[in-house]
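Here the structure comes first, spelled out in structure tokens, and everything after it is commentary.
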Amino acid sequence: MTQSYEGGFASPSHDAARAFRSLMNAMAKPGRPFDMSGATGPMPMSDAAAATVLTLCDPETPLALMGAWNCEDVRNWVTFHTGAPLVDAAKAMFVLGDWATMLPLDQFNNGDPQYPDRSATLIIECTQFTHAAHELSGPGIQTTQTFDVPDLFAFQSNAAQFPLGLDFVFCTTSQVAAVPRSTQLQEI
Amino acid sequence: MNDYNFGYLDEQTKRMIRRAILKGLAIPGYQVPFASREMPMPYGWGTGGVQVSAATLIPEDTFKVIDQGADDTTNAISIRKFFEKTSGIDVTETTSQATVIQTRHRIPETPLTEDQILVYQVPIPEPLRFLEPSEVETRKMHALEEYGLMHVKLYEDISRHGAIATSYAYPVKIEGRYIMDPSPIPKFDNPKMEMAAIQLFGAGREQRIYALPPYTQVVSLDFEDYPFEASKADHACNICGAENTYLDEVIIDDAGGRIFVCSDTDFCANNQTAGEGKPQ
């Protein structure tokens, strides 16, 4: 049972600052991977997702754990390290899971016309990033950027709601990449 | 144990600011409310920019602060020393060596790169505030994209002065959606806002953070028959001779003598060293 207590940032202030720099770069430069490390969560959490959760979540941020991520090990780890209240999908500010556990996307808060920043941020675990099928454009991208999303239509629909919409952070073992709502997507 | 926490602020405050920055980047030009903290300096001295910098800096950063383009003014020196003391980071006055630049009311003349971050100190983040004092109303206007009032203001400029007289804090439209206050930078700097660096805006007293990812479309509002013009004083710098920089007018004696000098001190110094200018 010591697993819940281990795996946090070794140097919380410095590690969180570096992890945030990666997250900020990812959100500002959609589709581009950035290194993310410093934390280790219990299975099935990736290290990058663990660092993301430690950087952004605290008692002020309701978090929804989806599918296999809603297990005792992850619940205990998240609660010990962040104190984030664990809630249902509809009330979540942050959501952790893989793509299959996230559907349908309309179960999440996509913001308010007067407060579009109140929408949920989805932290999506994946095995690797590929850059073959989809082309991104929009703020943060000089011309175009290739990055494959799990379901093109879902992401196009999300972008069409701008300024409402969800923001997506993808995590592999050691990298993050983001697709905010402002990003336009098309097939190559 | 006299050490400050890295970045001065406590971790929970930094997380709150970081979340606001990420949402700001996801919705370019939208002002994200945040719980601004009291800082060891008064509101109006860059507390918004300082909080954004504190949440953004990493130990490997090199930090530069400018106030109206100058590295050597009280505000710039104080903030630079503040982060040297509380975060132990390297500081510089050279634009190209800095990774994070906090600025009050200027964009450096040297073009910024993808590896740099520009943090603006913002006094009044709401571009519609002087037209509509109610926050409830301006928030509705942003939600409904109801920006006619801003064009009326620019039109009134033309009808009264024969040209758009707004010369700083010139309103811009971001990606065809939100109207944004670029902070009180001279309108000369507006075209530079479509840049490679990440731009973050912090307003401490007004408790707002907003952001622009690199290469975000930034359009200065204008009319077809009165197009936007990035104006500056019609002189060359009296010290370095540069003809394409924003200039400060400086009174030099009691007889009304005056010269024009670059407002960007680092650019001016480099230009002098490079010997391109012809001092007068």
Side-chain angles (χ1 to χ4, degrees), chain A residues 9 11-30 32 52 54-61 82-84 93-94 111-121 137-143 145 162-169 178-184, chain B residues 4-7 9-12 14-35 54-61 87 99-100 114-115 117 136 139-140 142-145 174-175 177-178 196-200 209-218:
Chain A
F9 285 138
S11 169
S13 196
H14 295 135
D15 291 352
R18 293 190 187 101
F20 174 69
R21 178 62 61 85
S22 291
L23 275 173
M24 181 172 75
N25 276 326
M27 195 60 90
K29 299 160 189 181
R32 272 166 61 176
T52 303
L54 290 190
T55 306
L56 297 176
C57 296
D58 59 30
E60 295 173 353
T61 60
T82 71
M93 196 187 272
F94 290 96
D112 176 296
Q114 296 196 15
Y115 292 93
D117 57 300
R118 292 182 182 172
S119 66
T121 302
S137 58
I141 302 168
Q142 189 168 19
T143 50
Q145 168 74 38
F162 188 89
L164 301 186
L166 307 168
D167 303 309
F168 301 87
V169 175
V179 178
R181 66 193 85 176
S182 60
T183 300
Q184 303 293 321
Chain B
Y4 288 93
N5 190 33
F6 179 78
L9 296 167
D10 61 281
E11 289 305 302
Q12 190 166 356
K14 283 193 276 182
R15 277 193 295 271
M16 176 268 297
I17 294 170
R18 286 166 179 162
R19 291 192 293 263
I21 291 173
L22 290 189
K23 284 299 178 191
L25 287 165
I27 320 164
Y30 167 76
Q31 302 159 51
V32 185
F34 82 111
T56 304
L57 286 168
I58 58 172
E60 294 77 23
D61 271 328
S87 305
T99 51
V100 178
E114 286 201 0
D115 299 322
I117 297 164
V136 175
R139 187 162 285 281
K140 264 186 218 156
H142 282 294
L144 299 171
E145 215 176 334
I174 307 304
E175 291 283 332
R177 180 57 181 84
Y178 284 101
I198 296 173
Q199 298 172 80
L200 306 174
I209 285 171
Y210 49 107
L212 296 177
Y215 312 113
T216 300
Q217 186 196 54
V218 180

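Labels below follow one simple rule: chain letters A, B, ... track the order of the sequence lines, proteins then strands, and each chain is numbered from 1.
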- Stepwise side chain to side chain contact (heavy atoms under 4.5 Å, CB included) check, B:Leu22 with A:Val169: CA-CA 11 Å; B:Leu22 290 189; A:Val169 175; 5.9 Å; no
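For chain A, no part of B:Asp10 is nearby; none of its heavy atoms comes within less than 4.5 Å. For A:Leu54, the part lying near chain B is the backbone, with the side chain staying farther off; criterion is any non-hydrogen pair under 4.5 Å. Residue B:Leu212: no heavy atom, backbone or side chain, is found under 4.5 Å from chain A. Residue B:Tyr30 touches chain A through its side chain alone, counting heavy-atom pairs closer than 4.5 Å. For chain A, the nearby part of B:Ile198 is the side chain; its heavy atoms alone come within less than 4.5 Å. Heavy-atom distances place the side chain of B:Val100, and not its backbone, under 4.5 Å from chain A. The parts of B:Arg18 that come within reach of chain A are both its backbone and its side chain, each placing non-hydrogen atoms under 4.5 angstrom from that chain.
Chosen from B:Ala196, B:Pro213, B:Ala211, the residue pairing most often with chain A at heavy-atom distances under 4.5 Å is B:Pro213. Each of B:Pro28, B:Ser87, B:Gly24 has some count of heavy-atom pairs under 4.5 Å with chain A, and the biggest count is that of B:Pro28. Among the candidates A:Arg21, A:Arg118, A:Arg181, the residue making the largest number of heavy-atom pairs closer than 4.5 Å to chain B is A:Arg21. Counting heavy-atom pairs closer than 4.5 Å to chain B, the top-ranked of the candidates A:Pro30, A:Pro180, A:Gly140, A:Ser182 is A:Gly140. Ranked by heavy-atom pairs under 4.5 Å with chain B, the list A:Pro163, A:Ser11, A:Pro113 is led by A:Pro163. Here B:Glu60 is the residue among B:Met16, B:Glu60, B:Lys14 with the most heavy-atom pairs under 4.5 Å with chain A.
When A:Thr55, A:Asp117, A:Asp58 are each tested for a side chain to side chain donor-acceptor pair (under 3.5 Å) with B:Arg19, only one passes: A:Asp58.
Using modelled atom types, one side-chain atom of B:Lys23 and one backbone atom of A:Ser119 make a donor-acceptor pair closer than 3.5 Å. A donor-acceptor pair under 3.5 Å is formed between the side chain of A:Lys29 and the backbone N or O of B:Glu114.
Taking the ring axis of A:Tyr115 as reference, the NZ or CZ atom of B:Arg139 stays within 45° of it and closer than 6.0 Å to the ring centre.
The distance from atom CG of B:Leu144 to atom CD of A:Gln114, rounded to the nearest 0.5 Å, is 7.5 Å. Between the CZ atom in A:Arg18 and the CG atom in B:Leu57 there is a gap of 12.5 Å [rounded to 0.5 Å]. Residue A:Met24 holds its CE atom at 9.0 Å from CD1 of B:Ile58, rounded to the nearest 0.5 Å. Between B:Glu175 atom CD and A:Gln184 atom CD the span is 9.0 Å, to the nearest 0.5 Å. The CG atom of A:Asn25 sits 8.5 Å away from the CG atom of B:Asp115 when rounded to the nearest 0.5 Å. The structure places CD1 of B:Ile21 at 12.0 Å from CE of A:Met27, a figure rounded to the nearest 0.5 Å.
Summarising the geometry of A:Phe20 relative to B:Ala55, their closest heavy-atom pair is CD2-O, 3.6 Å, with the distance given to 0.1 Å. Here the closest non-hydrogen pair linking B:Glu11 and A:Ser13 is OE2-OG, 2.9 Å.
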